[in-house]
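Treat the numbers as computed from the prediction; the structure is a model and nothing was measured.
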Amino acid sequence: MMEIAIIAHDRMKADMVQFLNKNKTLLLEEHIKLIATGTTGGQAENAGFKVKRMLSGPMGGDAQIAARVAEGKTKMVLFFKDPNSSHPHEVDINMLIRVCDVHNIPLATNKATAQLLLNAIALPS
């Protein structure tokens, strides 16, 4: 089972849903489990994905996902950050990025890098 976390800032949520739909065949495979921060997860569910939802980002969802990374449960993080806005929970965002770095977990912060990561897991081993 590969657990993939999806997170998107408000201005990036539509991009995340579009990205998920583009990769629907892979992301709906049985061995893929999606987790998400609250609102992002709700939008993914509305698009037809099964998602385990955490709290919203500002309420601690980023920290919940970071804990799953540290526990070895989450194997990839797709975090579509809004590079043009500041966020009140920036400390949690930076903590999640740091935890991914410490535990050597691939982290994509834009569509291009996220696509590369998904392409890599789609390749036959």
statement: Rounded to the nearest 0.5 angstrom, the OG1-CG distance for Thr109 and Asp82 is 11.5 Å
message: Test of understanding: clusters of I, L, V, M, F, W, Y form through side-chain heavy atoms closer than 4.5 Å, transitively. Do Ile6 and Phe80 belong to the same one?
response: yes
query: Between atom NE2 of His103 and atom CZ of Arg98, what is the distance when rounded to the nearest 0.5 Å?
result: 8.0 Å
- prompt: Is Val102 linked to Val69 within one hydrophobic cluster, defined over Ile, Leu, Val, Met, Phe, Trp and Tyr using a side-chain heavy-atom separation of less than 4.5 Å?
  reply: no
message: Within this structure, what is the CG-NZ distance for the pair Leu116 and Lys111, rounded to the nearest 0.5 Å?
response: 13.5 Å
- line: CG of Leu26 to CG of Asn119, rounded to nearest 0.5 Å, is 8.5 Å
Those residues that, when tested against Val51, pass side-chain contact (heavy atoms from CB on, under 4.5 Å) (two or more places apart): Leu34, Ala36, Ala44, Glu45, Phe49, Arg53
message: Is it the case that over 12 heavy atoms from other parts of the model lie below 6.0 angstrom from the NZ atom of Lys22?
response: no
field: Sub-4.5 Å side-chain heavy-atom contact between Met76 and Ile121
entry: yes
message: Before you tell me yes or no, could you show the steps for Met16 and Leu78 under side-chain contact (heavy atoms from CB on, under 4.5 Å), namely the whole-Å CA-CA distance, both residues' side-chain angles and the distance that decides it to 0.1 Å?
response: CA-CA 9 Å; Met16 177 61 81; Leu78 308 179; 4.3 Å; yes
query: Are Met54 and Ile7 grouped together when hydrophobic residues (ILVMFWY) are joined by side-chain heavy atoms under 4.5 angstrom apart?
result: yes
- prompt: Looking at residues at least two apart in the chain, or sitting in another chain, which of them share a side-chain contact (heavy atoms from CB on, under 4.5 Å) with Leu55?
  reply: Met59, Gln64
query: Mind checking whether Ile4 and Leu117 have side chains closer than 4.5 Å, heavy atoms only?
result: no
query: Do the non-hydrogen side-chain atoms of Arg68 and Glu3 ever get within less than 4.5 Å of each other?
result: yes
field: Lys52 side chain to Lys33 backbone, donor-acceptor under 3.5 Å
entry: no
- request: Evaluate the side-chain contact (heavy atoms from CB on, under 4.5 Å) criterion for residues Leu27 and Leu118: first the C-alpha distance (whole Å), next the side-chain angles of each, then the deciding distance (0.1 Å), finally the verdict.
  value: CA-CA 9 Å; Leu27 295 173; Leu118 289 189; 4.2 Å; yes
field: Interatomic spacing from CD1 in Ile97 to CG in Asp92 - rounded to 0.5 Å
entry: 11.0 Å
- prompt: Does the side-chain contact (heavy atoms from CB on, under 4.5 Å) test come out yes or no for Thr37 and Ile65, once each step is laid out?
  reply: CA-CA 8 Å; Thr37 49; Ile65 289 174; 3.9 Å; yes
query: Going only through I, L, V, M, F, W and Y residues with side-chain contacts under 4.5 Å, is there a path from Leu28 to Phe19?
result: yes
- prompt: Which atoms form the tightest heavy-atom contact between Ile32 and Met1, and what is the distance?
  reply: C-SD, 4.0 Å
- prompt: Counting only N and O atoms by type, is there a donor-acceptor contact under 3.5 Å from the side chain of Thr40 to the main-chain atoms of Ala8?
  reply: yes
query: Got a sec: does the CG of Asn46 have more than 12 other heavy atoms crowding it under 6.0 Å?
result: yes
query: Do Ser85 and His9 have side-chain heavy atoms sitting under 4.5 Å apart?
result: no
- prompt: At their closest point, which heavy atom of Val77 faces which heavy atom of Cys100, and how far apart are they?
  reply: CG2-SG, 3.7 Å
message: I need the minimum non-hydrogen distance between Met95 and Ala66, along with the two atoms involved.
response: SD-CB, 3.4 Å
task: Taking Asn110 for its side chain and Thr113 for its backbone only, find out whether a donor-acceptor pair lies under 3.5 Å.
output: yes
